[in-house]
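This one's a predicted model, so the numbers in the text were calculated from it and none came from an experiment.
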Amino acid sequence: MNSSELKDKRLSNRFSYKTAAPYTIGSKHGKGSVVNLSQDGMLFTTKDSLNVGEKINIDFQFRHGRNKMNLNGKVVRIAPDGVGIKFLWL
C-alpha cells in the first residue's frame, strides 16, 4: 500500500510529533517513541517486537503539558517506519 492509498483510508489528518513514551502490553513493559499523531491513532516506534491485534497502553505527555494521558490502543499495522496504533476510545 503506498502513502496516498494509506492517507485515503485515514479518518483524520496526522501531524508530526516526536516524543518518548513508555508502553504496556499485558504484563510486558517497554519504551518507544511517538512519530506522529491524529485523533484516531499514532505511528509508534520501538525496538521491541509487537504483533498486530495486541492491545497496548501508552503513557503520553505533550512536551509542554502538565498532565499525562493514558492512551489505549490496538496494534493495527507493522511497517518498516513503525507500528500503526489505532486508539480505542470508550
Which residues pass the side-chain hydrogen bond (donor to acceptor under 3.5 Å, both in side chains) test with Asn70, not counting sequence neighbours? Asn57, Asp59
Could you tell me which residues satisfy side-chain hydrogen bond (donor to acceptor under 3.5 Å, both in side chains) with Ser38, sequence neighbours excluded, listed by chain and number? Ser12
Working to the nearest 0.5 Å, report the span between [atom1] of [X] and [atom2] of [Y].
X: Thr46; Y: Ile58; atom1: OG1; atom2: CD1; value: 9.5 Å
X: Asn72; Y: Lys74; atom1: CG; atom2: NZ; value: 13.5 Å
X: Lys86; Y: Arg77; atom1: NZ; atom2: CZ; value: 14.0 Å

Does the side chain of Met42 come within less than 4.5 Å of Phe87's, by heavy atoms? yes
Measuring only between side-chain heavy atoms, which start at C-beta, is Arg14 closer than 4.5 Å to Asp40? no
Check for me, please, whether [X] and [Y] land in the same ILVMFWY cluster - side-chain distances under 4.5 Å, paths through other members count.
X: Leu88; Y: Val76; answer: no
X: Leu71; Y: Val52; answer: yes
X: Met69; Y: Phe44; answer: yes
X: Val83; Y: Leu43; answer: no

Other residues, nucleotides, ligands: >12 heavy atoms within 6.0 Å of Lys28 NZ: yes
Return the set of residues passing side-chain contact (heavy atoms from CB on, under 4.5 Å) with Glu54 (not counting sequence neighbours), or none when no residue passes. Ile25, Leu50, Asn51, Val75
Between side-chain atoms of residues 15-24 and protein atoms elsewhere (two or more places apart, or another chain), which donor-acceptor pairs fall under 3.5 Å?
from	atom 1	to	atom 2	distance (Å)
Tyr17	OH	Arg63	N	2.7
Tyr23	OH	Asp48	OD2	2.6
Thr24	OG1	His29	ND1	3.2

